[in-house]
A.B. asks: 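Before I ask anything, let me first share the structure, which is written out below as structure tokens.
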Amino acid sequence: MSQSIQITLPDGSKREHPKAGTGLDLAMSIGKGLAKSAVAIKVDGEIQSLQVPLEEDAAVEIVTRNTPEGLEVIRHSAAHVMADAFKRIRPDCKLWKGPPVDDPRYGFYYDIDFGEKPIGKTDLPEVEKLMAEIIAADHPFEYEELPRDEAIELMRSHGEDYKLDTIDKIPAGETISFFRSGDFVDLCKGPHVPRTGKIGKGTAVLGIAGAYMGDDANNRMLTRVYGHAFSDRKAMEGHRKFLEEAAKRDHRRLGKDLDLFSTMGELGGGLVLWHPKGGFVRHKVEEYWRNEHLKNGYDIVYSPHVARGDLWSTSGHLDFYADSMFTGLDVDGVDYHLKPMNCPFHILMYKNKRRSYRDLPFRWAELGTVYRYESPGTLHGLLRVRGFTQDDAHLFLRPDQLDAEVERCLKFVLHVLRAFDFTEFHLMLSTRPEKYVGEIADWEKSEVALEQALKTLNLEYTVDPGGGAFYGPKIDVNIKDSLGRFWQCSTVQVDFTQPDRFDLSYIDRDGGRTRPVMIHRALLGSLERFFGVLIEHFAGAFPVWLAPVQAVLLAVGERHGERCEEAAKELRERGFRVQADTSAEKIGQKIRQHLWQEKVPMICVVGDQEIESAGFSVRHRKDGDLGSLSLDQLADLLDRLTQERR
RNA sequence: GCUGCUGUAGCUCAGGGGUAGAGCACUUCCUUGGUAAGGAAGAGGUCAUGGGUUCAAAUCCCAUCAGCAGCUCCA
């Protein structure tokens with residue numbers, strides 16, 4: 001006697017479904033096309049495998065392959081198949097975990113212990129091929145629940161020691177489930193696609209690296225193999241293009257090719273040499289930064305690179321931050337340390353004289369070069385270095401000014417970032433961490449101030465509970481680049497602690513002493529990191545306002561050289577960055593070199609025609625042929641593009 | 001710091017127990033050419049560093065340094 005249950009579909013319609021029939025049966029009964037693209041099912045909002053029987057009345061939704069959730073299921077199943085493939089080439093490897101991940105580059109990974117004989121990059125193509133075979137074989141993914149003792153027995157018989165630990169951690173009473181496909185079986189909650197064939201042809205094995213078991217540095221290190229899976233082969237090819245494009249934009253690559261900067265072993269890890277062209281871009285960034293700060297109520301200050309130990313004790317850095325500091329300079333028998341932050345200096349400036357409530361707020365900004373010890377393995381091009389210049393500012397406020405200043409700060413941050421062609425942001429509010437200093441009431445007040453500013457400015461944000469700094473909550477701004485990748489640059493942090501530690505005060509309206517509040521604020525983050533992000537964002541092709549060379553005048557033949565040199569000189573005198581190429585190369589070669597290899601925004605050809613018409617044939621790297629322009633017109637164009645920051 | 005990989009010319013890389021190779025870039029010469037690579041010649045390397053094995057090491061082994069992919073970390 002078969003019973004039936006009642007299923008409610010997303011459109012509100014209801015239908016009878018045999019009890020213990022699977023989600024796949026349901027999809028089939030709705031439509032063949034739907035069944036074909038179905039990869040999972042949501043039952044009362046919870047995603048699960050199609051092959052799990054439906055036992056009770058429920059609201060369900062079929063999850064199809066081209067949705068974010070559908071892709072997650074496909075990726076999870078692909079990870080499973082990858083583990084199957086590794087088991088075939090290395091039967092004694094031990095599996096740990098293989099989840100789907102949300103990363104622009106990878107869709108899933110599997111952590112595997114290969115014991116004494118690690119696998120290498122060269123093994124990956126074989127694994128990819130085996131995966132394709134397993135997928136083509138279209139094994140059903142069979143869902144299976146086992147009692148604890150049988151589950152343990154099963155994993156023990158497969159030699160999966162790590163899975164035994166996992167079973168151990170599953171609370172009593174919770175189901176222990178497995179998925180089988182062919183001869184392969186894995187402890188897994190799922191969900192998985194109904195058959196390996198459903199994974200499709202959009203899979204790839206992409207990389208290999210070490211990873212601590214459970215991402216915990218106390219544990220042993222396993223091999224993490226990264227892969228990706230898409231709904232079809234074409235989407236995977238698109239992803240490979242994205243990876244190629246990202247590699248082309250790699251700021252370390254472009255830094256070399258365009259002669260922007262270098263970081264060499266001889267110098268010391270994590271230290272940067274800014275070459276003339278990179279230095280010029282930095283100069284323009286700094287120039288803009290200074291002008292905007294002066295226009296927006298900031299004062300510019302400077303502080304030294306070192307200070308005596310006492311200062312860093314008072315600030316708490318030696319307690320909280322010593323591991324990241326370069327310490328132990330001996331000056332006349334007194335300990336000095338390199339500065340890892342600028343705040344204590346600005347605080348000393350504040351303390352330098354008595355302050356009145358009428359003076360506040362102070363907004364003090366500095367391009368301050370700091371040094372922090374970063375572990376060797378974490379250094380990365382310009383993005384993670386040991387010596388860098390923060391575009392730092394510290395605001396000293398009366399408590400009643402906090403809300404308005406936070407809002408003002410955020411507005412300013414976005415204004416400046418937009419000038420650099422960033423239009424999309426992701427903001428994150430980080431609240432009190434477990435290890436914190438100060439009063440809870442102050443924390444709450446600051447968190448409210450930050451959140452209120454986000455709301456007033458109508459900005460979307462997410463909350464990272466416990467992600468704040470030890471001295472206060474913060475808002476981080478991530479910027480989205482032209483490839484859709486996010487980079488963390490700006491940060492706005494409220495601080496009640498430092499004013500306390502340094503016993504800061506101002507004379508209030510009543511003649512008493514009141515403690516000011518501080519805001520720490522970095523806007524570009526560090527000039528090094530921001531430059532790295534800019535390079536990747538523009539793929540090395542800086543807009544006219546930032547480009548170290550804005551235009552190159554190209555002589556068609558030898559007799560045009562003089563005109564080129566003269567015009568270039570004239571334009572340089574008018575403040576433009578213009579060079580002349582009078583070499584004996586052909587015009588095609590010169591265009592290739594300047595426009596495409598050196599990524600100069602525009603070139604101007606000078607030949608017989610141009611000399612006759614007193615013009616220049618101008619070609620913009622992005623906008624193409626701009627026709628013939630006079631020298632004045634060319635200067636106007638450069639001016640306009642500079643004004644428009646293009 | 002951890003796991004794995006890598007280090008050869010300015011750059012990209014090939015080679016590999018017997019005195020070092022290519023392409024691009026560079027220098028010189030020829031070519032005066034009209035919108036993404038004209039031709040020729042030349043110069044350029046302590047094969048990361050230190051030690052070991054060997055008749056012989058750039059090549060094999062060990063260590064160190066640096067870089068790469070991640071993981072941990074990132075006030």
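Worth knowing before you read on, the calculation uses all heavy atoms, side chains too, and leaves out hydrogens, waters and symmetry mates. A, B, ... follow the sequence lines: proteins, then strands. Residue 1 opens every chain.
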A.B. asks: What is the nucleic acid contact for A:Gly120, judged by heavy atoms within less than 4.0 Å: base, sugar-phosphate only, or nothing?
C.D. replies: nothing
A.B. asks: Please state the P separation for the pair B:A25 and B:U54 - nearest whole angstrom.
C.D. replies: 47 Å
A.B. asks: Roughly how many Å apart are B:A41 and B:A58, using the C1' atom of each and rounding to a whole number?
C.D. replies: 29 Å
A.B. asks: Quick one: is B:A69 close enough that its OP1 or OP2 comes under 4.0 Å of any side-chain N or O from A:His380?
C.D. replies: yes
A.B. asks: Scan every strand shown for a Watson-Crick or G-U wobble partner of B:U27, both distances under 3.5 Å, and answer none if you come up empty.
C.D. replies: B:A41
A.B. asks: Name the nucleic acid region contacted by A:Arg220, choosing base, sugar-phosphate or nothing; use a 4.0 angstrom heavy-atom cut-off, strictly under.
C.D. replies: nothing
A.B. asks: Base, sugar-phosphate or nothing for A:Ala209? Non-hydrogen atoms, less than 4.0 Å.
C.D. replies: base
A.B. asks: Give a yes or no on whether the ring-centroid distance for A:Phe114 and A:Phe86 is below 6.0 angstrom.
C.D. replies: yes
A.B. asks: Any donor-acceptor pair under 3.5 Å linking the side-chain atoms of A:His594 with those of A:Asp581?
C.D. replies: yes
A.B. asks: Go ahead and name the base partner of B:G7; Watson-Crick or wobble counts if both distances stay under 3.5 Å, otherwise write none.
C.D. replies: B:C65
A.B. asks: Taking atom C1' in both B:C55 and B:A22, what distance in whole Å separates the two?
C.D. replies: 32 Å
A.B. asks: Say whether, by atom type as modelled, one donor and one acceptor occur between the side chain of A:Thr431 and the main chain of A:Gly466 under 3.5 angstrom.
C.D. replies: yes
A.B. asks: Using atom names, set out every protein N or O paired with an N or O of nucleotides 30-34 of chain B below 3.5 Å, distance rounded to 0.1 Å.
C.D. replies:
residue, atom, partner, partner atom, Å
B:U32, O2, A:Glu558, N, 2.4
B:U32, N3, A:Glu558, OE1, 3.3
B:U32, O4, A:Glu558, OE1, 2.9
B:G33, N7, A:Val556, O, 2.2
B:G33, N7, A:Gly557, N, 3.4
B:G33, O6, A:Val556, O, 3.0
B:G33, O6, A:Gly557, N, 3.2
B:G33, O6, A:Glu558, N, 2.6
B:G33, N2, A:Ala584, O, 2.6
B:G34, O6, A:Asp608, N, 2.7
B:G34, O6, A:Gln609, N, 3.1
B:G34, N1, A:Glu610, OE1, 2.8
B:G34, N1, A:Glu610, OE2, 3.4
B:G34, N2, A:Glu610, OE1, 3.4
B:G34, N2, A:Glu610, OE2, 2.6

A.B. asks: Counting any heavy atom closer than 4.0 Å, what does A:Tyr436 reach on the DNA or RNA strands: base, sugar-phosphate only, or nothing?
C.D. replies: nothing
A.B. asks: With A:Pro473, which residues qualify under side-chain contact (heavy atoms from CB on, under 4.5 Å), at least two apart?
C.D. replies: A:Trp443, A:Ser446, A:Glu447, A:Leu450, A:Val494
A.B. asks: Checking the side chain of A:Arg577 only, and the main-chain atoms of A:Val544 only, is there a donor and an acceptor separated by less than 3.5 Å?
C.D. replies: yes
A.B. asks: Taking salt bridge (Lys or Arg N to Asp or Glu O under 4.0 Å) as the criterion, tell me which of A:Arg220, A:Arg224, A:Lys94 meets it with A:Asp113.
C.D. replies: A:Arg220
A.B. asks: Could you run down the sub-3.5 Å N/O contacts of the protein with nucleotides 11-13 of chain B?
C.D. replies:
residue, atom, partner, partner atom, Å
B:U12, OP1, A:Arg253, NH1, 3.2

A.B. asks: Counting only N and O atoms by type, is there a donor-acceptor contact under 3.5 Å from the side chain of A:Glu405 to the main-chain atoms of A:Leu402?
C.D. replies: no
A.B. asks: B:C71, OP1 or OP2 - any side-chain N/O from A:Tyr226 closer than 4.0 Å?
C.D. replies: yes
A.B. asks: So, is A:Arg252 close to the B:A69 phosphate, meaning a side-chain N or O under 4.0 Å from OP1 or OP2?
C.D. replies: yes
A.B. asks: Between B:A36 and B:U46, how far is it from one P atom to the other, in whole Å?
C.D. replies: 40 Å
A.B. asks: What is the base-pairing partner of B:G18, counting Watson-Crick and G-U wobble geometry with both distances under 3.5 Å?
C.D. replies: B:C55
A.B. asks: Ring-plane angle category for A:His317 and A:Tyr321, please: parallel below 30°, perpendicular beyond 60°, tilted otherwise.
C.D. replies: perpendicular
A.B. asks: Would you indicate what A:Ser375 reaches in the nucleic acid, counting non-hydrogen atoms under 4.0 angstrom: base, sugar-phosphate, or nothing?
C.D. replies: base
A.B. asks: Say we look at B:U53 and B:G70: how far apart would their C1' atoms be, to the nearest angstrom?
C.D. replies: 35 Å
A.B. asks: How do A:Gly468 and A:Pro376 order along RNA chain B: which one's closest nucleotide is nearer the 5' end?
C.D. replies: A:Pro376
A.B. asks: Which residue is it: A:Lys248, A:Arg485, A:Lys480? I am looking for the one with a salt bridge (Lys or Arg N to Asp or Glu O under 4.0 Å) to A:Glu536.
C.D. replies: A:Arg485
A.B. asks: In whole Å, measure the gap between the P atoms of B:C61 and B:U72 for me.
C.D. replies: 32 Å
A.B. asks: Who is the Watson-Crick or G-U wobble partner of B:C47, with both distances under 3.5 Å?
C.D. replies: none
A.B. asks: Distance between the C1' atoms of B:C13 and B:G17, in whole angstroms?
C.D. replies: 23 Å
A.B. asks: For the ring pair A:His426 and A:Tyr461, is the centre-to-centre distance below 6.0 Å?
C.D. replies: no
A.B. asks: Please tell me if A:Tyr212 has a side-chain N or O lying less than 4.0 Å from either OP1 or OP2 of B:C73.
C.D. replies: no
A.B. asks: Is any side-chain nitrogen or oxygen of A:Arg621 closer than 4.0 Å to OP1 or OP2 of B:A36?
C.D. replies: no
A.B. asks: Parallel, tilted or perpendicular: which fits the ring planes of A:Phe345 and A:Trp312, with parallel below 30° and perpendicular above 60°?
C.D. replies: perpendicular
A.B. asks: Assign each of A:Thr263 and A:Phe320 to its nearest nucleotide of RNA chain B by heavy atoms, then name whichever residue's nucleotide is nearer the 5' end.
C.D. replies: A:Thr263
A.B. asks: Tell me which nucleotide, if any, is Watson-Crick or G-U wobble paired with B:C74 when both distances must be under 3.5 Å.
C.D. replies: none
A.B. asks: Reckon A:Arg619 touches a base, only the sugar-phosphate, or nothing at all at heavy-atom distances under 4.0 Å?
C.D. replies: base
